[in-house]
Amino acid sequence: MAKVDDTQENLEICVKFCGPCPSKPQVFGEALFCARGKSSKEVEEKGCNCPGCDVFAKYGLADGYFCKNGAAE
Ligand code: SF4
Ligand code: SF4
């Protein structure tokens with residue numbers, strides 16, 4: 001597992017997965033939680049799209065729910 005880079009490329013991938021996620025906290029401007037850390041809002045677990053994400057695969061991430069649990073390390 002590697003630390004995720006906060007890049008425009010990763011952000012663009014992220015919005016395709018976190019964007020439509022039913023658990024996503026509705027805070028404007030928040031995304032790329034695996035790199036930037038958890039949401040400022042409390043997260044209710046209703047499913048997580050992270051395991052299908054290309055960033056997840058590229059960095060060998062595990063678990064998901066980065067919006068709740070914080071950045072991958
Ligand atoms: S980190 Fe996972 S649970 Fe949170 S919004 Fe993104 S896909 Fe959904
Ligand atoms: S692993 Fe999750 S938080 Fe990270 S870029 Fe993909 S969808 Fe976004």
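Ligands are counted one by one from 1 in listed order, and the atoms in each one are counted from 1 as well.
If you number the atoms of ligand 1 from 1 as listed, the ones under 4.0 Å from a heavy atom of Y65 come out as 2 (Fe), 3 (S). Taking every heavy atom of F33 and a limit of under 4.0 angstrom, the matching atoms of ligand 2 come to 3 (S).
Selection from S39, C21, P51, A31 by nearest heavy atom to atom 8 (Fe) of ligand 1 gives C21.
A donor-acceptor contact shorter than 3.5 Å links the side chain of S23 to the backbone of G47. A donor-acceptor pair under 3.5 Å links the side-chain atoms of E30 to the main chain of S40, judged by distance alone.
If you run side-chain contact (heavy atoms from CB on, under 4.5 Å) between C48 and each of Y65, F56, F66, only Y65 comes through.
Looking at residues two or more places apart in sequence or on another chain, you find a side chain to side chain contact (heavy atoms under 4.5 Å, CB included) between D5 and T7, N10, Y59. Evaluation of the salt bridge (Lys or Arg N to Asp or Glu O under 4.0 Å) rule for E45 yields K68 as partners, not counting sequence neighbours. With sequence neighbours excluded, the residues satisfying side chain to side chain contact (heavy atoms under 4.5 Å, CB included) with E44 are K46.
The neighbour count for D63 CG, taken as heavy atoms of other residues, nucleotides or ligands under 6.0 Å away, does not exceed 12.
In terms of protein heavy-atom proximity, atom 4 (Fe) of ligand 1 is nearest to C67 SG, 2.3 Å.
Protein N/O/S atoms nearer than 2.8 Å to atom 6 (Fe) of ligand 2 total 1.
At a threshold of 4.5 Å between side-chain heavy atoms, the hydrophobic network of Ile, Leu, Val, Met, Phe, Trp and Tyr places L61 and F17 in one connected group.
Distances from atom 8 (Fe) of ligand 1 show that C48 has no N/O/S atom below 2.8 Å.
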